[in-house]
Number of protein chains: 2
Amino acid sequence: MTIAEANEFRALCDRAGIAVTHQRQVIYQVLSGMHGHPSPEEVYGRVKVRIPAISLATVYKNIHVFIESGIFCTVSLHHGSLRVETNHSPHHHLVCTGCRSITDIAAGDLGLPVKAHKLRGGFLAQRYAVDVLGLCPECQKSVS
Amino acid sequence: MTIAEANEFRALCDRAGIAVTHQRQVIYQVLSGMHGHPSPEEVYGRVKVRIPAISLATVYKNIHVFIESGIFCTVSLHHGSLRVETNHSPHHHLVCTGCRSITDIAAGDLGLPVKAHKLRGGFLAQRYAVDVLGLCPECQKSVS
DNA sequence: TTGACAAACGATAATAATTATCGTTTACTA
DNA sequence: TAGTAAACGATAATTATTATCGTTTGTCAA
Ligand SMILES: [Mn+2]
Ligand SMILES: [Mn+2]
Ligand SMILES: [Zn+2]
Ligand SMILES: [Zn+2]
């Protein structure tokens, strides 16, 4: 890694209020160089090439640190367990990143198609699932 | 349950090509009577009141059967494990319900706000995460 | 009705993902 | 450079989910 890259990472950690460690930097670089939507295991696999002694737990911990710091984000919120939708009317979700609550909002508001149709590229869109990520009124109080 | 309800459920199972069992019907009724986005454990808790001997595995199996049959659906696709987003430009996802593949699509196409703003109701929207659920070109071939 | 057969069930073992614990090492700050 | 908190590695524990398997039940044709 270049001096510039190292300084950039140092600044990044400074802003996030976290320490600059070798493991953290390698995980960051590996993630930055990956495409798509890797799982923690995949990240671990790549990091291990550079730091054979690294622990899987360290990879998990740092991924969470990056996500909490807004340096990376996740693909569609992970609710820990499967959740069944009991509301059969077309709607979407307000997902609070503070308390993890999920609230329904009517679909009409977002003006997305309801009928199945084909997108350019050939993908057959059957349903739109929109998560509006943010903070509920309660959690806005706690952060301010 | 009324005769009408029982017949309705029988017809539902007929269409889905699955057997009408007592457990299945109770799970269906409990789910239909629940609000929000219950986890399998929560469903299990309620079903056990009516069928104390039921197995958690049966609840899981039937939830999956209902989802495969389109009788219920899930809240935001569950990818089995945490996934890190490596694409930092604003975009959304085409999620294939056939092969579970996740493909990026540019955000511009959907015309959703990019800046944080407050919705009526007080929720502070910071980011929109749109999953377009459907079938990729490959999987469309397999089903047809 | 009834019997054969497949589907579904319950119990529980197994697996996969994630988190917690804890003793050791390392980075940050004065 | 020393003190302290943060981070690390190893690994145990937890949680969610799935697989296995022997038993029971629903379906359907006779
Ligand atoms: Mn909902
Ligand atoms: Mn993406
Ligand atoms: Zn909240
Ligand atoms: Zn597909």
Side-chain angles (χ1 to χ4, degrees), chain A residues 6-7 9-30 37-45 47-69 71-72 74-84 100, chain B residues 6-7 9-30 37-45 47-69 71-72 74-84 100:
Chain A
N7 285 338
F9 183 70
R10 190 164 289 275
L12 206 69
C13 290
D14 225 44
R15 250 174 280 136
I18 57 179
V20 177
T21 68
H22 180 219
Q23 291 87 341
R24 185 161 287 161
Q25 178 152 8
V26 171
I27 294 168
Y28 174 79
Q29 288 183 326
V30 163
H37 312 98
S39 65
E41 286 284 349
E42 288 180 86
V43 178
Y44 177 56
V47 170
K48 237 186 338 191
V49 174
R50 292 223 242 156
I51 310 176
I54 200 168
S55 166
L56 175 60
T58 299
V59 173
Y60 266 98
K61 277 182 279 197
N62 278 291
I63 287 175
H64 285 307
V65 165
F66 289 146
I67 289 168
E68 281 155 29
S69 310
I71 296 170
F72 283 95
T74 67
V75 178
S76 77
L77 231 8
H78 199 247
H79 300 112
S81 67
L82 174 70
R83 299 304 185 87
V84 185
R100 308 232 131 196
Chain B
N7 285 338
F9 183 70
R10 190 164 290 274
L12 207 69
C13 290
D14 226 45
R15 251 174 280 136
I18 56 178
V20 177
T21 70
H22 181 217
Q23 291 88 339
R24 185 160 286 160
Q25 176 149 11
V26 170
I27 294 168
Y28 173 79
Q29 289 183 324
V30 163
H37 312 99
S39 65
E41 284 285 350
E42 288 178 86
V43 177
Y44 177 57
V47 170
K48 237 185 340 190
V49 175
R50 290 223 243 155
I51 311 177
I54 201 168
S55 165
L56 175 60
T58 300
V59 173
Y60 267 97
K61 279 182 279 197
N62 277 292
I63 286 175
H64 285 307
V65 165
F66 290 147
I67 289 168
E68 282 156 29
S69 309
I71 295 169
F72 283 95
T74 67
V75 177
S76 78
L77 233 6
H78 200 245
H79 300 112
S81 67
L82 175 68
R83 299 304 184 87
V84 184
R100 306 230 132 199

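Letters A, B, ... mirror the listed sequences (proteins, then strands); counts begin at 1. All heavy atoms count here, side chains included; hydrogens, waters and symmetry mates do not.
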Please report the distance, rounded to the nearest Å, between CD in A:E42 and C1' in C:dT18. 16 Å
Quick check: are there more than 12 heavy atoms from other residues, nucleotides or ligands sitting under 6.0 Å from CZ of A:R10? no
Under-4.0 Å side-chain N/O to phosphate OP1/OP2 contact, B:H64 with D:dT18: yes
Roughly, in whole Å, what's the span from CG in A:L82 to C1' in D:dT18? 13 Å
A:R24 to A:C13 - nearest heavy-atom pair and separation: CD-SG, 4.4 Å
Between A:L56 and A:N62, just flag the one whose closest nucleotide in DNA chain D comes earlier from the 5' side. A:N62
Nearest-angstrom distance from the residue atom CD of A:Q25 to C1' of C:dT26: 15 Å
For C:dA7, does either OP1 or OP2 sit under 4.0 Å from a side-chain N or O belonging to B:T21? no
Counting the atoms with a prime plus P, OP1 and OP2 as sugar-phosphate, which does A:A57 contact under 4.0 Å by heavy atoms, base, sugar-phosphate, or nothing? base
Which residue lies more 5' along DNA chain C, comparing A:R10 with A:P40 via nearest heavy atoms: A:P40
Closest to the side chain of B:S81, out of D:dA10, C:dT18, C:dA7, is C:dT18
Please determine whether a side-chain nitrogen or oxygen atom of A:Q23 lies at a distance below 4.0 Å from atom OP1 or OP2 of D:dG9. yes
So which atom in B:V49 and which in B:G45 form the shortest heavy-atom distance, rounded to 0.1 Å? CG2-O, 3.6 Å
Need to verify one output field. Residue with the more 5' nearest nucleotide on DNA chain C, A:H22 or B:A53? B:A53
Using 30° and 60° as the class limits, which term best fits the ring planes of B:F9 and B:F66: parallel, tilted or perpendicular? perpendicular
Spacing between A:Y60 atom OH and C:dT18 atom P, to the nearest angstrom: 4 Å
Measure the distance from CZ on B:R24 to P on C:dA7 and round it to the nearest whole Å. 11 Å
Backbone of A:S39 reached by a side-chain donor or acceptor of A:E42 within 3.5 Å: yes
Would you kindly give the NZ-to-P distance between A:K61 and D:dA10, to the nearest whole Å? 11 Å
Between CD1 of B:I51 and P of C:dG10 the distance, given in whole Å, is 7 Å
When the distance from CD1 of A:I54 to P of C:dT24 is rounded to whole Å, what number comes out? 21 Å
